[in-house]
Amino acid sequence: MKNFRIGVAGFALVAAFGLAGCGGGGGSGGGTPAVKDASTLSTSDSPMGKILVDGKGRTLYLFTSDGKNSNSMKCDAKCVKEWPHMEGKPKAGAGVRSNLIATTQGSGTAQATYAGHPLYYYAGDHKAGDTKGQGIDQIWYVLDSHGNAIKKTAPEGGGNDGGNDGGGYGY
């Protein structure tokens, strides 16, 4: 019986470590991967003005080379990990116009769009309010409530991490 308990405990420990390894990593700097919460789009105050966020307050970005309602980015596995799509069709929350919300075909799933821009998270943003993806390579920007790119520089501590190598996408 004692050997059985040790075997069960050992199996549980191995299973726990195995599951922990499946958590996926964030982009630069590791940490929590972007949460894909398509439940609601709203705006949130930031040092750059009101910006578009998801239902958990996570910052959303546009890729300037995407076509209107079209995900035109040639994205490899590194890129998808660094810039995951917001999936599904969200509803409009505070500060957002419902007639600007739609979807386009992302990487096999419906990708949320706002004012024609496919929406992305940045894996380097680890909590609500982070804007570390702002201005990366002068092609990734947060959006305002009208769906326009805000090209202001993010403040120290919340802005561009500067060390990004382009994220594995082609443009």
Side-chain angles (χ1 to χ4, degrees), residues 24-28 31-154 158-161 164 166-171:
S28 58
T32 308
V35 176
K36 298 174 184 171
D37 176 13
S39 62
T40 306
L41 286 180
S42 61
T43 58
S44 180
D45 290 324
S46 83
M48 295 172 286
K50 288 199 177 281
I51 61 172
L52 200 65
V53 297
D54 74 0
K56 295 185 187 238
R58 299 286 303 260
T59 303
L60 294 162
Y61 297 87
L62 62 80
F63 175 60
T64 57
S65 295
D66 274 341
K68 185 168 176 110
N69 289 315
S70 170
N71 176 326
S72 55
M73 183 171 44
K74 295 172 184 70
C75 203
D76 65 15
K78 179 181 177 187
C79 163
V80 170
K81 193 173 186 179
E82 197 79 11
W83 296 100
H85 304 141
M86 179 185 208
E87 297 174 351
K89 185 173 181 183
K91 62 183 184 245
V96 172
R97 294 178 35 203
S98 62
N99 64 327
L100 296 180
I101 298 172
T103 61
T104 190
Q105 201 59 27
S107 59
T109 58
Q111 181 177 1
T113 65
Y114 191 72
H117 300 289
L119 300 175
Y120 302 88
Y121 295 95
Y122 177 56
D125 290 347
H126 299 293
K127 65 185 185 315
D130 280 355
T131 56
K132 293 177 182 175
Q134 175 66 358
I136 289 181
D137 296 330
Q138 289 76 50
I139 55 175
W140 293 100
Y141 295 102
V142 298
L143 296 86
D144 67 15
S145 64
H146 301 288
N148 300 313
I150 298 174
K151 295 190 176 182
K152 294 178 185 176
T153 303
N160 188 336
D161 64 5
N164 192 298
Y169 50 85
Y171 45 90

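Along the sequence shown, residues carry numbers from 1. The structure displayed is predicted, hence computed values, not measured ones.
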So salt bridge (Lys or Arg N to Asp or Glu O under 4.0 Å) across residues 39-52, not counting sequence neighbours, yields Asp45-Lys50
For Lys127, all residues meeting side-chain contact (heavy atoms from CB on, under 4.5 Å), sequence neighbours excluded | Asp130
Got Tyr114 and Ile101 here, is their nearest side-chain heavy-atom distance under 4.5 Å?
-> yes
Those residues at least two apart in sequence (or on a different chain) that pass side-chain hydrogen bond (donor to acceptor under 3.5 Å, both in side chains) with Thr113 are Asn69
For residues Arg58 and Met86, determine if any side-chain heavy atom of one lies less than 4.5 Å from a side-chain heavy atom of the other.
-> no
CA sep, side-chain torsions, deciding dist, call: Tyr121, Tyr61, side chain to side chain contact (heavy atoms under 4.5 Å, CB included) | CA-CA 6 Å; Tyr121 295 95; Tyr61 297 87; 5.7 Å; no
Does Asp66 reach the side chain of His117, with side-chain heavy atoms less than 4.5 Å apart?
-> no
Which residues share a side-chain contact (heavy atoms from CB on, under 4.5 Å) with Ser46, sequence neighbours left out | Met48, Ile51
Distance-minimising heavy-atom pair for Ala112 and Gly88 | CB-O, 3.2 Å
Looking only at non-hydrogen atoms, find the nearest pair between Asp125 and Gly133 and report the distance.
-> OD1-N, 3.7 Å
So NZ of Lys89 and OG1 of Thr103: to nearest 0.5 Å the spacing works out to 6.5 Å
Report the residues that fulfil side-chain contact (heavy atoms from CB on, under 4.5 Å) with Thr153, sequence neighbours left out, ordered by chain and then residue number.
-> none
Taking all atoms of both residues into account, what is the closest heavy-atom pair of Arg97 and Ala92, and its distance?
-> C-CB, 4.4 Å
Side-chain touch Tyr122/Val142, heavy atoms, less than 4.5 angstrom = no
When rounded to the nearest 0.5 angstrom, what is the spacing between OG in Ser70 and CD in Gln111?
-> 9.5 Å
Okay, side chain of Gln134, backbone of Lys152: is any donor-acceptor separation there less than 3.5 Å?
-> yes
Do Tyr120 and Leu62 touch side chain to side chain, with heavy atoms closer than 4.5 Å?
-> no
By side-chain contact (heavy atoms from CB on, under 4.5 Å), which residues pair with Ser145, not counting sequence neighbours?
-> Thr43
Which atom pair, heavy atoms only, marks the closest approach of Gly147 to Ala115?
-> CA-CB, 3.7 Å
Please lay out, stage by stage, how Leu41 and Leu60 fare under the test side chain to side chain contact (heavy atoms under 4.5 Å, CB included).
-> CA-CA 9 Å; Leu41 286 180; Leu60 294 162; 3.3 Å; yes
So do Leu119 and Phe63 actually touch side chain to side chain, heavy atoms under 4.5 Å?
-> no
Look only at the side chain of Asp76 and the backbone of Lys78, and say whether a donor-acceptor pair between them is shorter than 3.5 Å.
-> yes
Note: Thr104 and Pro118 closest approach over all heavy atoms is CG2-CG, 4.1 Å
Does the pair Ile150 and Tyr141 meet the rule for a side chain to side chain contact (heavy atoms under 4.5 Å, CB included), with working shown?
-> CA-CA 6 Å; Ile150 298 174; Tyr141 295 102; 5.9 Å; no
